[in-house]
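As structure tokens, the structure follows; a few thoughts come after it.
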There are 2 protein chains.
Amino acid sequence: MMLRVTPELNEVKDIVSVGVRNKWLVVLVGVFGVNYKGRAISELSCGERLLIIKPDGCVLIHNSEGVNPINWMREGSSINAKLDEEVLNIKVLNINPREELVLRIQKVSVVFTNGFSSVGELRVIGSEADMARKIYENPSVISKNFKPVSLEEQTKYGFIDVLGCEGEDYVVVECKRYRAGLSGVQQLRRYVEKFKKARGINNVKGVLAAPSITKNAFKMLTDWGFSYKRVEPPMHLIGEKTVQEKLSKFLHENETKN
Amino acid sequence: MMLRVTPELNEVKDIVSVGVRNKWLVVLVGVFGVNYKGRAISELSCGERLLIIKPDGCVLIHNSEGVNPINWMREGSSINAKLDEEVLNIKVLNINPREELVLRIQKVSVVFTNGFSSVGELRVIGSEADMARKIYENPSVISKNFKPVSLEEQTKYGFIDVLGCEGEDYVVVECKRYRAGLSGVQQLRRYVEKFKKARGINNVKGVLAAPSITKNAFKMLTDWGFSYKRVEPPMHLIGEKTVQEKLSKFLHENETKN
DNA sequence: GACCTTAGCGGCTGC
DNA sequence: GCAGCCGTTAAGGTC
């Protein structure tokens, strides 16, 4: 590990270079400005910021606020530090897409680099796919006679979350985890139209399943003859205990399956 | 500033607490696992990771790879560190939406906290709005007779990027900065239909302007009687010099306007 | 590789 | 506050 507090810029250059060459993690707090040219152009004037260079070569520049970086480069970039007079210039290059980031570092309060390799797996439950699965397993939330047929069925025009039957009719279900908006209604419309055309039939219903729906979306939906079904997503404001039980259950099931 | 290398966990607790209380930046590299409960549920097993707590209270947990954090909490969270036996537990709470993040820290290689306040402004050019402006100012990229009427008409009939006329007809233009897909076609369709209905007219054309278009999207577009116009976005693979000129020009114009 | 989708999307703008 | 939508969107899956 290498670490310096309020270092000279040539020391910073060395630490950054070593970190990058060894594919270590580099963290730097200092005063610098940033220029980006690539998919867009941006100019960020000088200020105190946090620079992170990860082992995979991606670069993050963070402000004092917010979850997202104010500037960044994706993995696989080439990184080069050069001391020009009173400024340490770090140039980050990517090909495909061709883009370039230049940092003009004036002052550094801390910099360090260290070997860094994350292991460990992230497991998430509560996605939209989980919601479709919930409907597939509890078809009565759509209607008494709804019989699900397929889940996440791929078509040329996107994939249908749940497809099923209701008596003589087909039913296409589009799920939204949160309040459904216009685009969800249009997705549903697209799937229903394509399904009708592909099968040469007309008895296809469309259902939008979501915990709630915007006013405009509801109007559009009913204008087109579709219907809305209120369905709570798998993880909507459920209490501590339930969550714990669900998580344990999920993890257990997952482990026994593998 | 406070900084420690391979500290004891009680020292870590103190540094984190001081940093959070003072609304400083906190950076920590160590071995820990993470549990999240809120909009979804996730479990991240133990591994070496980077923790950042920003002055605004948002929390980022980064892996050795990728631009995005593997776990995070948005600003305004309450943060509490507690030492339980051999583990330092940091609990982060947010209300609205109610969510909770728990870190189980086992080992720390570096931790520091420091005052941190970013100033400086980010200016970006090359967005979709810039593309609409480009079309508005160079209407011939749509067609010889195209006469733009309004730009980013964001309220009346939806967010129409560019609205214009072509002889007797109205033309609705939807822009995409990158290869246009199905959703872009649907947006266009929605705007055209809305516009027709609002005006009670039928002579409305729809044009999708983008550097390229997917095969399916093109089929859908033509099926519905709309057309595609290849338009390069403002910043597509342009050379160094051009970029510099554009940026200077843009900045200059912007400054003289203000 | 093209294509389509979701995301604990984030963030912004307009009402 | 809601609603709609862009993003240097990113990341993941299927065909």
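Note that the coordinates shown come from a computational prediction; the quantities given were computed from them, not determined experimentally. Throughout, protein chains are lettered first and strands after them, A, B, ... in sequence-line order, and every chain is numbered starting at 1.
- Rounded to whole Å, the distance from CG on A:Asn71 to C1' on D:dT9 is 14 Å.
- Look at A:Gln154 and you won't find any side-chain N or O under 4.0 angstrom from OP1 or OP2 of C:dC3.
- For the pair A:Arg189 and A:Phe226, the cation-pi criterion (under 6.0 Å, within 45° of the ring axis) is not fulfilled.
- If you check every strand for non-hydrogen atoms under 4.0 Å, A:Glu152 touches nothing.
- Remark: B:Ser183 is not in phosphate contact with C:dC4, judged by side-chain N or O atoms under 4.0 Å from OP1 or OP2.
- Taking only distance into account, the side chain of A:Asn68 never meets the base of C:dG11 through a donor-acceptor pair shorter than 3.5 Å.
- B:Phe159 does not qualify as a stacking partner of the D:dG4 base, lacking a centre-to-centre distance under 5.5 Å together with planes within 30°.
- At the heavy-atom level, B:Met73 lies under 4.0 Å from base atoms of the strands shown.
- Between the P atom of D:dA11 and the CD1 atom of B:Ile70 lies a distance of 11 Å, rounded to the nearest Å.
- A:Arg49 and A:Asn63 form a side-chain donor-acceptor contact under 3.5 Å, judged by distance and modelled atom types alone.
- Within the nucleic acid shown, B:Phe218 has no heavy atom closer than 4.0 Å to any nucleic acid atom.
- Regarding B:Asp130, its CG atom lies at a distance of 12 Å from the C1' atom of D:dC6, rounded to whole Å.
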